[in-house]
Amino acid sequence: MPKSKKRNSRPAGGRQKTIQPFSDDDSSVETMSHCSSYSDTASFAEDGAEVDEEAAQEDFEFKLKGFIELTMDKSAKTRQAALEGLKSGLSSKILYDFIVERRITLTDSIERCLKKGKGEEQRVAAALACLLCCQLGSGMESEEVFRTLAPVLKSIISDRSANMSARQACASYLGLCCFIATDDIEDLYMTMECMENLFTKQYHAEGGTDNASALHIQALLSWALLLTICHSSEVKKKIDMHIHKLPRLLSCDDVNMRIAAGETLALLFELAREADAEFYYEDLEPLTETLKALATDCNKHRAKVDRRKQRSVFRDVLRAVEDGDFQSEVIRFGRERMQIDCWVKRLTYGVFKELFGSGMQFHLMTNGFLRSIFELGPPMLLDAAALKAMKVSRDERHMNNSAAFKARTKARSKLRDKRADVGEFF
């Protein structure tokens, strides 16, 4: 009787295709959620047991190597999962040495996924390209990444048959990659021209909207970000070109387009006044009337959430345009604080926060390049004990959030009562 053949439990070729990007069951997921509890980056053991930091780092890098290999897989689903794993890893830790050794391989993998993939895979690959540049910082390595991938990103942006979410992501991340990596003024102006070719179509759209308004929003925000690093003469030229046309977008049906246009107008007024203290805008009165209407919009045909969001933004925009004021806010991370005190900082912080997600606070603490952008100085040297002391438990975070919510509710209730009293009086 012939012996039954035993099947090997490991797949042929020695490469496992079932690797998932930092699943909840994987203890390495702690690494990606450590921006809210900074000591989790060295925790890979079950039941919260501490392990040697060096061994944890080796384990983490081993997983990343597996993801890099899987970006070359034939299966689109496998490639996308691998890209998600790399994106989560790069947004949660500083991996400069690891990335420098594999920069060319990573760039080739991203380029292949952008060309070969569709939709969601292209979106994640574009985000990964941006994270790669952020890890490398401003320099020759990131500039080579940008010059390799920029033509592919532009091709996707201009391809009308491509998935719309992929085109939006490429428009957003192309602008951010250029902001981070390029020192060549020609690359900067060419990227801005690419963005202008997109959002200026909205100027002539019937009724202020079209089917590609979401793409135009990302292009407008990317253009505004790049404008903040242009020479003053180019800034003046662009302001003169667009400051009279942007108000047309305030009548769009899309609330996000109205908000993007309003924030960009506030940014242009801020830059114009910095360049020329005597800056005068001849159509200020009709513009302020439009902004006041948007800041107090009560039209019932618009969603309540959209109205609330719009009113909040346009109150700030109105102050910026009328008086040059800005309502500053403080960002806390670890033992440090950063003040957002102008529209340039607000836009820049918002773009990076969108990229890093929950890893933003950790990168503000440790990423030298990001700290240089916000003028925070070199990273503070914190030992493991200091990082552990910063960790806030889940219960404590829940209690803090509950207390903050209760305080906001009371404050808003008092404000509503005052408004009701005023209404009854009149």
Side-chain angles (χ1 to χ4, degrees), residues 172 199 202-203 205 207-210 213-214 216-221 224-225 242-273 281 283-331 339-351 353-354 401 404-426:
S172 177
F199 75 79
Q202 198 73 29
Y203 292 158
T209 61
D210 69 6
S213 62
H216 298 160
I217 291 167
Q218 296 303 325
L220 176 60
L221 294 176
L225 178 69
H242 292 283
I243 200 166
H244 296 284
K245 297 177 181 178
L246 275 170
R248 300 178 193 174
L249 305 185
L250 298 176
S251 60
C252 281
D253 292 335
D254 187 343
V255 64
N256 293 315
M257 176 56 82
R258 295 196 299 273
I259 289 173
E263 291 178 334
T264 305
L265 273 170
L267 177 72
L268 293 186
F269 271 85
E270 181 177 272
L271 294 174
R273 285 166 176 154
Y281 182 69
D283 297 325
L284 183 62
E285 187 174 346
L287 176 59
T288 53
E289 289 300 319
T290 302
L291 295 175
K292 285 177 183 177
L294 291 167
T296 57
D297 187 7
C298 297
N299 290 330
K300 297 295 183 181
H301 70 275
R302 287 175 180 156
K304 187 175 181 180
V305 174
D306 288 350
R307 294 201 307 269
R308 186 184 300 118
K309 182 180 177 183
Q310 175 182 288
R311 288 196 295 263
S312 174
V313 171
F314 277 97
R315 283 194 291 268
D316 295 337
V317 172
L318 181 60
R319 281 195 293 267
V321 170
E322 274 192 319
D323 308 317
D325 291 340
F326 181 85
Q327 186 174 357
S328 63
E329 58 180 310
V330 176
I331 308 297
Q339 189 169 18
I340 305 295
D341 54 5
C342 63
W343 284 95
V344 173
K345 269 191 178 181
R346 178 171 171 171
L347 173 63
T348 308
Y349 177 78
V351 172
K353 187 179 179 182
E354 182 71 23
N401 291 337
F405 176 76
K406 187 179 290 186
R408 284 197 304 270
T409 303
K410 288 182 178 179
R412 288 171 180 171
S413 296
K414 290 178 181 178
L415 186 60
R416 290 190 191 102
D417 292 342
K418 288 179 181 178
R419 287 174 180 170
D421 293 341
V422 170
E424 288 175 3
F425 179 79
F426 285 104

S.K.: If we ignore hydrogens and angles and just use 3.5 Å, is the side chain of T264 paired with the main-chain N or O of A260 as donor and acceptor?
M.R.: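 Yes: the side chain of T264 pairs with the backbone of A260.
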S.K.: Does any non-hydrogen side-chain atom of V317 lie less than 4.5 Å from one of I259?
M.R.: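 The answer is no, as the side chains (C-beta and beyond) never meet within the 4.5 Å cut-off.
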S.K.: Quick check against the 3.5 Å criterion: does T288 have a side-chain atom that pairs as donor or acceptor with the backbone of E285?
M.R.: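 Yes; at least one donor-acceptor contact below 3.5 Å.
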S.K.: Could you go through L347 and E263, starting from their C-alpha distance and side-chain angles, then the distance that decides it, and tell me whether this counts as side chain to side chain contact (heavy atoms under 4.5 Å, CB included)?
M.R.: CA-CA 8 Å; L347 173 63; E263 291 178 334; 5.9 Å; no
S.K.: Who pairs with F326 by ring pair (Phe, Tyr, Trp, His ring centres under 6.0 Å), at least two apart in sequence or on another chain?
M.R.: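 Ring pair (Phe, Tyr, Trp, His ring centres under 6.0 Å) check on F326 returns W343.
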S.K.: Between Y281 and V321, is any pair of side-chain heavy atoms under 4.5 Å apart?
M.R.: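 Contact flag for Y281/V321 side chains = no.
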S.K.: Would the distance check show the side chain of R258 and the main-chain N or O of D253 forming a donor-acceptor pair, the cut-off being under 3.5 Å?
M.R.: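 Indeed, once roles are kept as given, a pair shorter than 3.5 Å links the two residues.
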S.K.: Quick check: closest heavy atoms across S213 and Q202, and the distance to 0.1 Å?
M.R.: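 For S213 versus Q202, the nearest heavy atoms are CA-OE1, 3.8 Å.
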S.K.: Restricting to non-hydrogen atoms, name the atom on S172 and the atom on Q218 that form the minimum distance, rounded to 0.1 Å.
M.R.: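 Shortest heavy-atom contact: CB-OE1, 3.5 Å.
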S.K.: Measure the CZ-CG distance between R346 and L267 for me, rounded to the nearest 0.5 Å.
M.R.: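 Taking CZ in R346 and CG in L267, the distance rounds to 11.0 Å.
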S.K.: Would you sort out whether L246 and Y203 count as a side chain to side chain contact (heavy atoms under 4.5 Å, CB included), showing the intermediate values?
M.R.: CA-CA 8 Å; L246 275 170; Y203 292 158; 3.8 Å; yes
S.K.: Rounded to the nearest 0.5 Å, what separates atom NZ in K353 from atom CD1 in I331?
M.R.: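 Rounded to the nearest 0.5 Å, the NZ-CD1 separation comes out at 6.5 Å.
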S.K.: What's the shortest heavy-atom distance between Q327 and D316, and which atoms?
M.R.: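 Result for this residue pair: OE1-OD1, 3.4 Å.
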S.K.: Identify the heavy atoms of S328 and D341 that sit nearest to each other, and give their distance.
M.R.: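 For S328 versus D341, the nearest heavy atoms are CB-CA, 4.0 Å.
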S.K.: So which heavy atom on L265 is nearest to which on I243, and how close?
M.R.: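 Minimum heavy-atom contact is CD2-O, 4.0 Å.
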S.K.: Can you tell me how far the CD atom of E289 sits from the CG atom of D283, to the nearest 0.5 Å?
M.R.: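 With rounding to 0.5 Å, CD (E289) is 13.0 Å from CG (D283).
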S.K.: Starting at CD of Q310, measure out to CG of L294 and round the result to the nearest 0.5 Å.
M.R.: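 If I round to the nearest 0.5 Å, the distance is 4.5 Å.
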S.K.: Look up atom OG1 in T296 and atom CZ in R315, then write down how far apart they are to the nearest 0.5 Å.
M.R.: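 With rounding to 0.5 Å, OG1 (T296) is 9.5 Å from CZ (R315).
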S.K.: Is a side-chain donor or acceptor of E270 paired with a backbone partner of V344 at a separation under 3.5 angstrom?
M.R.: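 Judged by distance alone, yes, a pair lies under 3.5 Å.
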S.K.: Please report the interatomic distance CG(L268) to NE2(H242), rounded to the nearest 0.5 Å.
M.R.: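 Rounded to the nearest 0.5 Å, the CG-NE2 separation comes to 8.5 Å.
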